[in-house]
Asks: 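First the structure, then my questions, so here it is.
Reminder, nothing fancy here: chain letters follow the sequence lines and each chain counts from 1. Scope of the values below: all heavy atoms of this structure, side chains included, with no hydrogens, waters or symmetry mates. This one's a predicted model, so the numbers in the text were calculated from it and none came from an experiment.
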Amino acid sequence: MIHLAGPYVLAALLIGLGLAGLLLRRNAVLLLIGVELALAGALVLMVTAGARGEVDHEAGSVLPLFVMTIAAAEVVVALAIILTAYRHRARIDLDEPNEPRS
Amino acid sequence: MTALDLAFLAASVIAVAGGVLAITTRQVVHAALWLVVSLLGVAGAVLILGAELVALVLLLVYVGAVVVLVLFALMLTRAPIGPDTAHAPGLPRALAAGAVGAAVVTMLLSVLIPLAGGWGATVDRQSADSPRVAREIFTTWVWPFELLSLLLLAALIAALAVSRIQRDAP
């Protein structure tokens, strides 16, 4: 037996932390850490729905696997874009004005 | 308070503490390593909720692949060793980010706790049946599953194409 409030509180905290991290970071690579935390919160929510036995077709286990795959694809493309931008601008500060390297 | 509740609480504390440190530490490499700690906590929580397969894949994909990728990116962008003072967010921004985070947590709790059936609602833990999960993936979810393999291929090619862009290309 397990109390249901725990997983929901954990999910809410992780999503809040992820959003705060997104707003806090100026380093473009570390921005992704906030995204990952928010996705982990969503994942906990899905697993909780599965643990309650309210979903059919084992969606509580299958959908988190799909979310993780999509998150991995997202990170690969995002890091490729960030690294290309870094090569062009030699900066990864998101607050810098958008001008090419002199 | 059952033993499972205590175990879940411990995993949650690890996850949240790791998350807080991951988004606040000034050492950029440590941020990625604290993300590992946080995700280990999440994997523990998921394991306690009964989804063993999800917990294991979380460890493999996130800790094994995503964090390593982030660490590589940090090194390729010449992350400083030691505190990163050049990218400090400043106090107003930190306060705003904290306020937005707290507001989102409050909003989600006000929605999710009634959804859980109040603070006292409980559910019996039952392990997800891995053979059944596998059967469902390859019957009910087979088209989304195949689509995901296409998505991964597209991401692979896109990452290659983006990283080959030349600086002086027209």
Asks: Counting only non-hydrogen atoms closer than 4.5 Å, does V54(B) touch chain A with its backbone (N, CA, C, O), its side chain (CB onward), both, or neither?
Replies: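 Both backbone and side chain.
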Asks: Which one wins on heavy-atom pair count under 4.5 Å against chain B: V77(A), L79(A), T48(A), I70(A)?
Replies: L79(A)
Asks: Please flag which part of A65(B) lies under 4.5 Å from any non-hydrogen atom of chain A: side chain, backbone, both or neither.
Replies: neither
Asks: Could you go step by step and tell me if D95(A) and R93(B) meet the salt bridge (charged side-chain N to carboxylate O under 4.0 Å, His left out) rule?
Replies: CA-CA 12 Å; D95(A) 284 6; R93(B) 183 162 169 167; 2.7 Å; yes
Asks: Please rank L30(A), V75(A), L45(A), L19(A) by heavy-atom pairs under 4.5 Å with chain B and give me the top one.
Replies: L30(A)
Asks: For S149(B), is it the side chain, the backbone, both, or neither that has a heavy atom closer than 4.5 Å to a heavy atom of chain A?
Replies: neither
Asks: Below 4.5 Å from any heavy atom of chain A, which atoms of S38(B) appear? Answer side chain, backbone, both or neither.
Replies: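 For S38(B), side-chain heavy atoms alone lie under 4.5 Å from chain A.
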Asks: Can you check whether P7(A) reaches L49(B) side chain to side chain, under 4.5 Å on heavy atoms?
Replies: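 Yes, side chains in contact.
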Asks: How close do L32(A) and E74(A) get, counting heavy atoms only, and between which atoms?
Replies: CD2-OE2, 3.7 Å
Asks: Which heavy atom of A22(B) sits nearest a heavy atom of A31(B), and at what distance?
Replies: O-CB, 3.4 Å
Asks: What part of I2(A) lies closer than 4.5 angstrom to a heavy atom of chain B: side chain, backbone, both or neither?
Replies: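 Backbone plus side chain of I2(A), per the 4.5 Å heavy-atom cut-off to chain B.
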Asks: Any side-chain heavy atom of L65(A) sitting closer than 4.5 Å to one from V61(B)?
Replies: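 They are not in side-chain contact.
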Asks: For W34(B), does the CH2 atom sit with more than 12 other heavy atoms under 6.0 Å from it, leaving out its own atoms?
Replies: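 Result for CH2/W34(B): open.
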Asks: Less than 4.5 Å to any heavy atom of chain A: does that hold for the side chain of I113(B), its backbone, both, or neither?
Replies: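 It is the side chain, since no backbone atom gets that close.
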Asks: Are L39(B) and L69(B) joined in one hydrophobic group, where the rule is that I, L, V, M, F, W and Y side chains link up if heavy atoms are under 4.5 Å apart?
Replies: yes
Asks: Kindly compute the distance separating CG (D5(B)) from CZ (R125(B)), expressed to the nearest 0.5 Å.
Replies: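 These two atoms lie 12.5 Å from each other.
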Asks: Given that the side chain runs from C-beta out, which part of A28(A) has a heavy atom under 4.5 Å from chain B: side chain, backbone, both or neither?
Replies: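 Contact with chain B: none, neither part.
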Asks: Using a 4.5 angstrom heavy-atom cutoff, name the option from V111(B), V13(B), L160(B), L35(B) with the most pairs to chain A.
Replies: L35(B)
Asks: Counting only non-hydrogen atoms closer than 4.5 Å, does A3(B) touch chain A with its backbone (N, CA, C, O), its side chain (CB onward), both, or neither?
Replies: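 For A3(B), no heavy atom lies under 4.5 Å from chain A.
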Asks: Taking the six-membered ring for Trp, are F145(B) and F66(A) parallel (under 30°), tilted (30 to 60°) or perpendicular (over 60°)?
Replies: tilted
Asks: So which part of L17(A) gets closer than 4.5 Å to some heavy atom of chain B, the side chain, the backbone, both or neither?
Replies: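 Its backbone and side chain both get close to chain B.
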Asks: In terms of heavy-atom proximity below 4.5 Å to chain B, should I33(A) be classed as side chain, backbone, both, or neither?
Replies: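 Contact with chain B is through both the backbone and side chain of I33(A).
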Asks: Between chain A and each of T140(B), T77(B), V100(B), count heavy-atom pairs under 4.5 Å; write down the option with the most.
Replies: T77(B)
Asks: State, to 0.1 Å, how close I14(B) and G41(B) come at their nearest heavy-atom pair, and which atoms those are.
Replies: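 That would be CG2-CA, 4.0 Å.
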Asks: Quick check: closest heavy atoms across A20(A) and I23(B), and the distance to 0.1 Å?
Replies: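 Shortest heavy-atom separation between A20(A) and I23(B) comes out as CB-CD1, 4.1 Å.
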Asks: Taking C-beta and beyond as the side chain, do V35(A) and L39(A) meet within less than 4.5 Å on heavy atoms?
Replies: yes
Asks: With chain B as the partner, which of T84(A), I15(A), I92(A), L4(A) has the greatest number of non-hydrogen pairs under 4.5 Å?
Replies: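 Looking at each of T84(A), I15(A), I92(A), L4(A) in turn, L4(A) comes out on top.
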Asks: So which residue, L9(B), I48(B), V16(B), T106(B), ends up with the most heavy-atom pairs under 4.5 Å with chain A?
Replies: V16(B)
Asks: Between chain B and each of L14(A), T69(A), D56(A), V44(A), count heavy-atom pairs under 4.5 Å; write down the option with the most.
Replies: T69(A)
Asks: Highest number of heavy-atom pairs under 4.5 Å with chain A: which of L151(B), T139(B), V133(B)?
Replies: V133(B)
Asks: Under 4.5 Å from any heavy atom of chain B, what part of L63(A) do you find: side chain, backbone, both or neither?
Replies: side chain
Asks: Considering only heavy atoms and a distance below 4.5 Å, find which of L53(B), L58(B), T24(B) pairs most often with chain A.
Replies: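 Heavy-atom pairs under 4.5 Å are most numerous for L58(B).
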Asks: So which part of V104(B) gets closer than 4.5 Å to some heavy atom of chain A, the side chain, the backbone, both or neither?
Replies: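 Just its side chain gets close to chain A.
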Asks: With chain A, which of V123(B), I137(B), D129(B), V105(B) has the greatest number of heavy-atom pairs at distances under 4.5 Å?
Replies: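 Answer, by heavy-atom pair count under 4.5 Å with chain A: V123(B).
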Asks: So which residue, R25(A), R52(A), E36(A), ends up with the most heavy-atom pairs under 4.5 Å with chain B?
Replies: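 Most heavy-atom pairs within the cutoff with chain B belong to R25(A).
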Asks: Would you say S130(B) and E52(B) are linked by a side-chain donor-acceptor pair, where the criterion is simply a distance under 3.5 Å?
Replies: no
Asks: With a 4.5 angstrom heavy-atom cut-off, could you sort out which part of I81(A) is near chain B: side chain, backbone, both or neither?
Replies: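 I81(A) touches chain B through backbone and side-chain heavy atoms alike.
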Asks: Between G21(A), A12(A), A5(A), which has the largest tally of heavy atom pairs under 4.5 Å with chain B?
Replies: A12(A)
Asks: Non-hydrogen atoms of chain B under 4.5 Å away: do they reach the side chain of L24(A), the backbone, both or neither?
Replies: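 The answer is both parts of L24(A).
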Asks: Quick check against the 3.5 Å criterion: does W141(B) have a side-chain atom that pairs as donor or acceptor with the backbone of H57(A)?
Replies: yes
Asks: Please report the closest heavy-atom contact between A32(B) and L71(B), naming both atoms and the distance.
Replies: CB-CD2, 3.7 Å
Asks: Against chain A, label R78(B) side chain, backbone, both or neither, depending on which of its atoms sit under 4.5 Å from a heavy atom there.
Replies: both
Asks: Below 4.5 Å from any heavy atom of chain B, which atoms of L22(A) appear? Answer side chain, backbone, both or neither.
Replies: neither
Asks: Under 4.5 Å heavy-atom distance to chain B, tell me which part of P64(A) shows up: side chain, backbone, both or neither.
Replies: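 Side chain only.
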Asks: What are the two closest heavy atoms between A73(B) and L83(A), and how far apart are they?
Replies: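 Shortest heavy-atom contact: O-CD2, 4.1 Å.
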Asks: Donor-acceptor pair, T122(B) side chain versus M1(A) backbone, under 3.5 Å?
Replies: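 No, T122(B) side chain to M1(A) backbone: no donor-acceptor pair under 3.5 Å.
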